[in-house]
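Data first, discussion second: the structure below is written as structure tokens.
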Amino acid sequence: PSALREVMLEVPNVHWEDIGGLEDVKQALREAVEWPLKYPKAFQRLGINPPKGILLYGPPGTGKTMLAKAVATESEANFIGIRGPEVLSKWVGESEKRIREIFRKARQAAPTVVFIDEIDAIAPMRGSDVNRVTDRIINQLLTEMDGLEENSGVVVIAATNRPDILDPALLRPGRFDRLILVPAPDEKARYEILKVHTRRVPLAEDVNLKELAKRLEGYTGADIAALVREAAMNALRRTVAKIPRELIEEQSEEFLEKLKVSRKDFE
Ligand code: ATP
């Protein structure tokens, strides 16, 4: 039954200001996606072909999914999100049909942002998969993208942590020909992310987010979101009304320890 499930159209609700840092990335997405979707005539008049596909790459938890949703929200576009591994596992034998269905829906509902997370799962170098399942899925995806007319109102954004293992055919002109790095946050970006995630969280007066941002070297946006959530939960357990400074600091130390342990696994 999962294979027959309807393709889900989402009306996303993530805004640019919900994303801390990444100013250059946001600007690149405004120009490559938001402007063409909002002002297609201007692009036609000037003879500019906007990209059909954009690849966001960078470490996990740095906001790639959020960016795709935000650019859809800000472009007043619909959003269809899929994950590479789920295409493979759930829709065996149905995968190509599924891809066709996604694009049919996307065109029908245009403007639409189609987001493919973890695209490396379905699009490693062709020939590297003994089952040839991924070969067929990539071919279908490329056919759909090649078939999109200029200014169709459909843009495909894909995300990966492993751009190096992608099938190069994906990166040819007219496909994912815009590559955008979504980096781990520096101190300033960590400060911006902390501000976003503590917007609606009562903090004790002595909590200094600038200081904290400095300490959180190595944290991604996802780590910072988890840190604030944990600190808030602890405040709840201790029935304090505002999150005290020590609590966040304790929490961040613990987190850094865990981070070191989990990073070791990759070495
Ligand atoms: P993955 O590669 O693991 O799929 P991702 O890059 O797509 O990760 P997201 O799913 O967008 O990362 O981010 C996970 C969560 O981390 C978000 O829901 C958000 O709470 C937080 N987050 C990540 N980056 C940022 C950011 N720049 N600003 C604010 N929150 C962020």
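All ligand and atom numbering here is 1-based and tracks the order in the structure.
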task = Using distance alone, with no hydrogens and no angle criterion, decide if Asn139 and Arg136 have a side-chain donor and acceptor under 3.5 Å apart.
result = no

query = Among protein heavy atoms, which lies nearest atom 22 (N) of ligand 1, and at what distance?
reply = Gly221 C, 3.5 Å

message = Would the distance check show the side chain of Lys38 and the main-chain N or O of Glu74 forming a donor-acceptor pair, the cut-off being under 3.5 Å?
response = yes

message = Heavy atoms only, cut-off 4.0 Å: how does Thr65 contact ligand 1, side chain, backbone, both, or neither?
response = both

ask   = Is it the side chain (CB and beyond), the backbone, both or neither of Asp117 that lies under 4.0 Å from ligand 1, heavy atoms counted?
value = side chain

inquiry  = At under 4.0 Å between heavy atoms, is it the side chain or the backbone of Glu118 that contacts ligand 1, or both, or neither?
reply    = neither

message = Quick check against the 3.5 Å criterion: does Arg190 have a side-chain atom that pairs as donor or acceptor with the backbone of Ala213?
response = yes

request  = Determine yes or no for a side-chain-to-main-chain donor-acceptor pair under 3.5 angstrom, with Lys64 supplying the side chain and Val182 the backbone.
outcome  = no

ask   = For Gly20 and ligand 1, does the shortest N/O to N/O distance drop below 3.5 Å?
value = yes

task = May I ask you to list the atoms of ligand 1 that are less than 4.0 angstrom from any heavy atom of Asn161?
result = 2 (O)

query = Heavy atom of Asp18 under 4.0 Å from ligand 1?
reply = yes

task = Using a strict 4.0 Å cut-off to heavy atoms of Ile19, name the atoms of ligand 1 that fall inside it.
result = 27 (N), 28 (N)

Side chain, backbone, both or neither: Ala225 near ligand 1, heavy atoms under 4.0 Å = side chain

ask   = Side-chain donor-acceptor pair under 3.5 Å between Glu144 and Gln140, yes or no?
value = yes

ask   = Tell me: protein heavy atom nearest atom 14 (C) of ligand 1, and distance?
value = Ala222 CB, 4.0 Å

query = Which one of Met66, His197, Lys64, Lys26 has a non-hydrogen atom at the shortest distance from atom 18 (O) of ligand 1?
reply = Met66

Sidechain-backbone polar pair: Asn78 side chain, Ala109 backbone, donor-acceptor under 3.5 Å = yes

message = As an exercise, identify every atom of ligand 1 less than 4.0 angstrom from a heavy atom of Gly63.
response = 5 (P), 6 (O), 9 (P), 11 (O), 12 (O), 23 (C), 24 (N)

task = Have a look at Ala68, Ala189, Pro185, Gly61 and point out the one with the heavy atom closest to atom 23 (C) of ligand 1.
result = Gly61

ask   = For the hydrophobic clusters of this structure (ILVMFWY residues joined by side-chain heavy atoms under 4.5 Å, transitively), does one cluster hold both Ile193 and Met66?
value = no

ask   = Taking Asn234 for the side chain and Ala231 for the main chain, is one N or O donor matched with an acceptor at less than 3.5 Å?
value = no

message = Rounded at 0.5 Å granularity, tell me how far CD1 in Ile180 sits from CG in Leu56.
response = 6.0 Å

